[in-house]
*Asks:* 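The structure that follows is given in the form of structure tokens.
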2 protein chains.
Amino acid sequence: MKDARLGEFEEIILLLVGILEDKAYTLRIAEEFETQTGKSVSIGATHSTLDRLCKKGLLKSELSEPTAVRGGRRKRIFSISASGERALLASRDLRTSLWDQYPAFSKLSLNI
Amino acid sequence: MKDARLGEFEEIILLLVGILEDKAYTLRIAEEFETQTGKSVSIGATHSTLDRLCKKGLLKSELSEPTAVRGGRRKRIFSISASGERALLASRDLRTSLWDQYPAFSKLSLNI
DNA sequence: CATATTATTTCTACATTGTAGAACAAATCT
DNA sequence: AGATTTGTTCTACAATGTAGAAATAATATG
């Protein structure tokens, strides 16, 4: 499997899935995106990204059992696959490495 | 000026410019990208991204004086603008915040 | 000083990601 | 059964990511 690129929005969505755990379904993820970033996003944008992430093998999904809440279709719950976690780690490593080398940032990072 | 989105590749290129300082010109940036990420990239890809970053106002550029080296056209040296630095900081803040909330990562981050 | 050579930029074109909204489906309540 | 609610999936288009060739400008050397 080739090392597919991981876009900016894709990465954030991936992280959001990891954070939401068993609550990670499309609608909730879109909501969480808005609260965490302060920017709005459509369901469609969220869905197609989630979908691509699955096709790349970075995410897996399964349908949940119906809940006790009023109505509603069954949720599709997403979770991070092993290779998704690897991609996230690789991205973090690259970024922290670059930040450390950027003078304007490395100064601020000395507060340990 | 609207808050233009900052793609993944764009962000890395921006950081590379900050790291290379007065050596930040297209060819050198492309080289540095390869050594830092281990992935190859074309000049064209690097150039058009640099160009977009300028148009978004995140980067500025100026032609350098000719050097004492054999031949070659004058270099266009890039540098990060104030709003570029702000964009980078905002991106870093969002990421570190999300990483801290992602259980698989926050465990690993306790080694202070 | 004309020309070969080299370093670097710029142009053109296409693939992949980012983005939105409407249509559709399946639960539960009355 | 029909209305209502929660959620998913489809279709289409804009922005970002990517490559390679062509153009340009500087120096060295015969």
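All values below were derived from every heavy atom in this structure, side-chain atoms included, with hydrogens, water molecules and symmetry-related copies excluded.
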*Asks:* So does B/T26 get a side-chain nitrogen or oxygen closer than 4.0 Å to the phosphate oxygens (OP1/OP2) of C/dT9?
*Replies:* yes
*Asks:* Should A/K56 be listed as having a side-chain N or O under 4.0 Å from OP1 or OP2 of C/dT17?
*Replies:* yes
*Asks:* Between D/dA25 atom P and B/Y25 atom OH, what is the distance in whole Å?
*Replies:* 18 Å
*Asks:* To the nearest Å, how far apart are B/D51 CG and C/dT12 P?
*Replies:* 13 Å
*Asks:* Could you give the distance from CG (A/L94) to CD (B/E11), rounded to the nearest 0.5 Å?
*Replies:* 9.5 Å
*Asks:* Please round to the nearest 0.5 Å and tell me the distance separating atom CG of B/L15 and atom CD of B/Q36.
*Replies:* 9.0 Å
*Asks:* To the nearest angstrom, how far is A/E32 atom CD from D/dG7 atom C1'?
*Replies:* 17 Å
*Asks:* Taking only the side-chain nitrogens and oxygens of A/R76, find out if one of them lies under 4.0 Å from OP1 or OP2 of D/dT9.
*Replies:* yes
*Asks:* Where along nucleotides 17-23 of chain D does protein come under 4.0 Å, by heavy atom, of base (B) or sugar-phosphate alone (S), with - for untouched nucleotides?
*Replies:* BBBB--B
*Asks:* Tell me the interatomic distance from A/R74, atom CZ, to D/dT8, atom C1', rounded to whole angstroms.
*Replies:* 13 Å
*Asks:* Any chance you could measure B/I80, atom CD1, to B/L58, atom CG, to the nearest 0.5 Å?
*Replies:* 9.0 Å
*Asks:* To the nearest 0.5 Å, what is the distance between CZ (A/R28) and NZ (A/K23)?
*Replies:* 7.0 Å
*Asks:* Please give, in whole Å, the distance from C/dA7 C1' to B/L63 CG?
*Replies:* 14 Å
*Asks:* First locate atom CZ of B/R76, then atom SG of B/C54, and finally report the distance between them rounded to the nearest 0.5 Å.
*Replies:* 7.5 Å
*Asks:* Mind checking what makes side chain to side chain donor-acceptor pair (under 3.5 Å) contact with A/S97, not counting sequence neighbours?
*Replies:* A/Q101
*Asks:* On the 0 to 90° scale, with breaks at 30° and 60°, tag the A/F33-A/F9 ring pair as parallel, tilted or perpendicular.
*Replies:* perpendicular
*Asks:* Once you round it to whole Å, what is the distance between C1' of C/dT9 and NZ of B/K75?
*Replies:* 12 Å
*Asks:* Using whole Å, what does the distance between atom C1' of nucleotide C/dT8 and atom CD1 of B/I77 come to?
*Replies:* 11 Å
*Asks:* In whole angstrom, what separates B/K23's NZ from C/dT8's P?
*Replies:* 13 Å
